Structures are given as structure tokens and as C-alpha cells.
A.B. asks: 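One structure follows; several queries about it will come next.
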Amino acid sequence: MENNEMKCHCCSKTTNRSDEQRKKLINRLSRIEGQIRGIKGMIEKDAYCNDILIQSAAVNAAVNAFNRELLSSHIHSCVARDIRNGNDDVIDELIDTLQRLMK
């Protein structure tokens with residue numbers, strides 16, 4: 001596997017990402033991970049429920065921003081490539097993904 005190719009454990013498809021793209025996504029996830037650890041610490045210290053809920057909403061917003069960024073990249077690269085190559089099945093896959101994200 002090339003350095004800039006990520007392998008999904010659930011399927012055989014991969015997405016080539018630049019080092020910059022990969023770093024940007026990993027940094028976002030690391031910040032989200034830190035926010036989650038912060039919420040865990042708040043629970044451990046019996047923080048006020050409302051304060052925890054506000055932090056939880058911030059995590060949700062961060063995850064949504066991550067998803068928007070990854071979805072945009074996916075449409076511009078993977079989906080566009082597959083459609084150009086005549087693989088219209090990617091449209092059904094995208095619709096399924098969008099439905100899952102909108103739940």
C-alpha cells in the first residue's frame with residue numbers, strides 16, 4: 001500500500017489522500033478526541049449537567065464539520081472519478097451515505 005493510500009477495514013476500496021489532507025483530517029479527529037476526554041473528565045468531576053451538554057454539543061458540531069469536509073472531498077474525488085469511469089453505482093452509495101448522515 002502506498003504511503004498516501006488509506007485502507008478501509010470494512011471493504012476493499014481505498015482513497016488516495018495527500019499528506020496535507022490526511023494531516024488535516026487527523027488533526028480534526030485529535031481535537032475531537034480531546035474534547036471527548038474533556039467531557040469524560042467533567043463527568044468524573046461531577047460537573048454541572050448543562051455544562052457537559054454544552055461541551056457535548058460542541059463535539060457534535062466538530063464531528064459534523066469533519067463529516068462535511070470528508071464528504072466534500074469524497075464527492076470531488078471518489079464520486080466524480082467513479083462517475084467519469086461509468087460507475088453510476090457510486091450515486092446509490094452516496095445517497096445511502098447522505099441518508100445515514102442526516103439521521
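Quick caveat, the model's predicted, so the values are computed rather than measured.
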A.B. asks: Indicate, with yes or no, if Y48 and I54 share a hydrophobic cluster defined by side-chain heavy-atom contacts under 4.5 Å among Ile, Leu, Val, Met, Phe, Trp and Tyr.
C.D. replies: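 Result: no, two separate clusters.
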
A.B. asks: Which pairs pass salt bridge (charged side-chain N to carboxylate O under 4.0 Å, His left out) with one or both residues in residues 82-95, sequence neighbours excluded?
C.D. replies: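 Those involving residues 82-95 are K13-E93.
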
A.B. asks: The criterion is side chain to side chain contact (heavy atoms under 4.5 Å, CB included); which residues satisfy it with S77, sequence neighbours excluded?
C.D. replies: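 Expected list: S73.
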
A.B. asks: Please list, chain by chain and in numerical order, all residues satisfying salt bridge (Lys or Arg N to Asp or Glu O under 4.0 Å) with K24, sequence neighbours excluded.
C.D. replies: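 By the salt bridge (Lys or Arg N to Asp or Glu O under 4.0 Å) rule, K24 matches E69.
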
A.B. asks: Just grab all the salt bridge (charged side-chain N to carboxylate O under 4.0 Å, His left out) pairs involving residues 29-46, residues at least two apart or on different chains.
C.D. replies: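 Only E33-R37 qualify under salt bridge (charged side-chain N to carboxylate O under 4.0 Å, His left out).
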
A.B. asks: For L53, which fellow cluster members are found when Ile, Leu, Val, Met, Phe, Trp and Tyr are connected by side-chain heavy-atom distances below 4.5 angstrom, either directly or through intermediates?
C.D. replies: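 When side chains under 4.5 Å apart are linked, L53 ends up in no cluster with other residues.
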
A.B. asks: Sub-3.5 Å donor-acceptor pair from the side chain of R17 to the main-chain atoms of R22, do we have one?
C.D. replies: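 It does not hold such a pair.
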
A.B. asks: Could you tell me which residues satisfy side chain to side chain contact (heavy atoms under 4.5 Å, CB included) with L101, sequence neighbours excluded, listed by chain and number?
C.D. replies: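 L101 satisfies side chain to side chain contact (heavy atoms under 4.5 Å, CB included) with N67, L71, T97 only.
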
A.B. asks: Can you name the residues that form a side chain to side chain contact (heavy atoms under 4.5 Å, CB included) with A58, not counting sequence neighbours?
C.D. replies: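 Applying side chain to side chain contact (heavy atoms under 4.5 Å, CB included) to A58 gives Q35.
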
A.B. asks: Apart from I39 itself, what residues make up its hydrophobic cluster, given side-chain heavy atom links below 4.5 Å?
C.D. replies: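 The other cluster members (ILVMFWY side chains, heavy atoms under 4.5 Å, direct or chained) are L25, L29, I32, I36, M42, I43, I52, V59, V63, F66, L70.
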
A.B. asks: Measuring from atom CZ of R81 to atom CG of N16, what distance do you get when rounded to the nearest 0.5 angstrom?
C.D. replies: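 Here the interatomic distance stands at 8.0 Å.
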
A.B. asks: Suppose the criterion is salt bridge (charged side-chain N to carboxylate O under 4.0 Å, His left out): which pairs have a residue in residues 50-59, not counting sequence neighbours?
C.D. replies: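 Listed by first then second residue: nothing to list.
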
A.B. asks: Kindly write out the residues that satisfy side-chain hydrogen bond (donor to acceptor under 3.5 Å, both in side chains) with D96, not counting sequence neighbours, or none if the list is empty.
C.D. replies: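 Counting only residues at least two positions away or on another chain, D96 forms a side-chain hydrogen bond (donor to acceptor under 3.5 Å, both in side chains) with R100.
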
